[in-house]
Number of protein chains: 2
Amino acid sequence: MSGVRAQQKEKTRRLLIDAALKQLSAERSFSSLSLREVAKEAGLAPTSFYRHFSDMNELGLTLVDEAGLTLRQLMRQARQRIAKGGSVIHISVATFMELIESNGNVFRLLLRERSGTSAAFRAAVIREIRYFTMELCDYLQQANDLDGEVAYMQANAAVTIVFSAGSDALDIDDKVVREQLSKQTIQQLRFIARGAAELSDRRKAGRKN
Amino acid sequence: MSGVRAQQKEKTRRLLIDAALKQLSAERSFSSLSLREVAKEAGLAPTSFYRHFSDMNELGLTLVDEAGLTLRQLMRQARQRIAKGGSVIHISVATFMELIESNGNVFRLLLRERSGTSAAFRAAVIREIRYFTMELCDYLQQANDLDGEVAYMQANAAVTIVFSAGSDALDIDDKVVREQLSKQTIQQLRFIARGAAELSDRRKAGRKN
DNA sequence: AACAATAGCGTACACGTGCACACTCAAATT
DNA sequence: AATTTGAGTGTGCACGTGTACGCTATTGTT
């Protein structure tokens with residue numbers, strides 16, 4: 001196993017993945033992609049596809065995994081910025097919006113497959129979003145000293161709001177309108193943070209009595 | 001124009017609409033439906049389809065319109081229940097969850113086409129959701145005497161949370177888990193309501209000084 | 001050096017698709 | 001009563017699809 005062969009295989013595997021990603025757009029969903037199209041874009045014969053994936057489904061799940069990875073990188077990036085000081089909510093929203101702008105099609109993939117027709121896809125997307133939510137939950141719990149259940153509800157609501165805003169942002173070209181959307185999203189996240197903090201306090205007070 | 005003919009036409013038009021709705025499911029999206037399938041389900045020859053819709057697209061937009069109608073009926077229904085007394089948030093969530101249970105496929109249609117590949121579909125869905133949001137916004141503004149902009153942000157966030165919960169509910173069979181989801185959603189809506197009320201108060205106080 | 005494994009190719013097939021076209025025949029109009 | 005309209009039919013075409021099959025050529029193993 002010198003690797004010359006395996007290395008080449010990995011290379012064309014990436015070619016296929018990238019070919020699929022490249023064809024994704026606002027007008028083109030993964031499910032509308034055909035095996036032949038992807039193979040062609042990768043410069044392969046249709047039948048060679050099977051040397052790497054048994055199925056378009058398998059390719060799709062790989063893409064979802066990669067998208068989840070992107071999401072986790074985003075979280076790390078946001079944390080680094082936060083460590084340098086500034087409003088947590090503001091920085092998080094800004095970082096997320098930058099993802100939308102630079103990796104719109106990856107995000108679209110997640111949004112679409114979350115409500116798609118394949119149970120496996122839906123489960124995979126939900127899993128990735130859950131990771132994301134859980135990481136935020138831990139952070140909130142520690143940073144704001146929240147009740148665990150309350151922190152989860154806040155994290156869940158926050159992720160929902162941010163993803164929805166991201167979805168809206170995908171259809172907005174005007175930079176000014178986008179900024180407006182960010183501002184609104186930030187305010188909504190503050191609503192949630194405020195409500196969560198109060199409930200957490202009330203619960204803690206209840207326990208002491 | 002005695003109507004015997006027009007009446008029959010309307011009847012088979014409904015047949016087509018119902019056929020399409022019938023074929024929608026968790027595993028079957030509208031975009032995956034073919035003209036031939038729909039026509040067959042309606043008991044028509046494929047080519048007869050064109051006497052009623054120029055396109056599958058046109059049928060789809062009609063379905064989205066109907067879904068929007070369903071949404072507005074839901075709002076009315078919730079209001080009637082609220083008038084009889086009880087927690088506004090609780091009743092609203094319960095009513096919405098009933099819609100998910102009885103009209104899951106209609107709701108799925110909205111969710112999917114909102115992030116679909118057709119700009120026209122996306123616009124149509126967004127329009128319907130906006131109507132819904134605006135109606136809620138008016139209600140919140142009047143009932144809670146809120147600042148207009150704040151009321152909109154609250155309505156927008158609330159609809160986002162509820163729709164997301166609805167989307168989750170579609171994949172939950174267990175009634176207990178569903179109830180848990182409802183409880184969580186109610187709590188999240190309270191977070192938002194709390195935060196919105198505070199901001200609105202602060203704004204009003206600011207104006208007086 | 002001989003052999004096995006395998007990435008990639010080209011051909012071929014059956015299938016479902018949207019849609020064009022030329023019909024029929026009942027309802028509506030004149 | 002004569003004519004026009006239009007809802008619904010059946011046939012047929014060109015196209016894109018997934019994938020089975022047998023092949024080549026290169027790498028890895030013995």
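Residue numbering restarts at 1 for every chain, and letters A, B, ... go by the order of the sequence lines.
- Regarding B:K11, its NZ atom lies at a distance of 21 Å from the P atom of D:dG6, rounded to whole Å.
- When atom types are taken as modelled, the side chain of B:T62 and the backbone of B:E58 share a donor-acceptor pair closer than 3.5 angstrom.
- Rounded to whole Å, the distance from CG on B:L15 to C1' on D:dG8 is 13 Å.
- A salt bridge does not link A:R108 to A:E113: none of the charged nitrogens lies less than 4.0 Å from a carboxylate oxygen.
- Atom pair A:R36:CZ and C:dC13:P shows a separation of 14 Å (rounding to whole Å applied).
- The two residues A:P46 and A:L35 come nearest to each other via the heavy atoms O-CD2, 3.4 Å.
- For B:D147 (side chain) and B:E149 (main-chain N/O), a donor-acceptor pair under 3.5 Å exists by modelled atom type.
- Taking CD from A:Q187 and OH from B:Y152, the interatomic distance works out to 14.0 Å, rounded to the nearest 0.5 Å.
- The pair B:E10-B:R5 does not count as a salt bridge, with every side-chain nitrogen at least 4.0 angstrom from each carboxylate oxygen.
- Base-pairing analysis of DNA chain C finds the following stems of at least three consecutive Watson-Crick or G-U pairs, with both pairing distances under 3.5 Å: C:1-3 with D:28-30, C:5-30 with D:1-26.
- The aromatic rings of B:F107 and B:F96 lie perpendicular to each other, with more than 60° between the two planes, well past the 30° mark.
- A:E98 has a carboxylate O that lies under 4.0 Å from a charged side-chain N of A:R81, or vice versa, which qualifies the two as a salt bridge.
- Distance A:E58 CD to D:dT19 P: 12 Å, rounded to the nearest Å.
- Listed nucleotides C:dG8, D:dG12, D:dT19 differ in distance to A:T12; the shortest reach to its side chain belongs to C:dG8.
- In this structure, A:D55 atom CG and D:dA20 atom C1' are separated by 15 Å, rounded to whole Å.
- The distance from atom CD of B:Q8 to atom P of D:dG8 is 7 Å, rounded to the nearest whole Å.
- Remark: B:E128 engages B:V64, B:D65, B:R72, B:Y131 in a side chain to side chain contact (heavy atoms under 4.5 Å, CB included) (not counting sequence neighbours).
- Between the CD atom of B:E37 and the C1' atom of C:dC19 there is a distance of 17 Å, given to the nearest Å.
- Near DNA chain C, defined here as any heavy-atom distance below 4.0 Å, the residues from residues 44-53 of chain B are B:T47, B:Y50, listed numerically.
- The distance between atom NZ of B:K9 and atom P of D:dA7, rounded to the nearest whole Å, is 4 Å.
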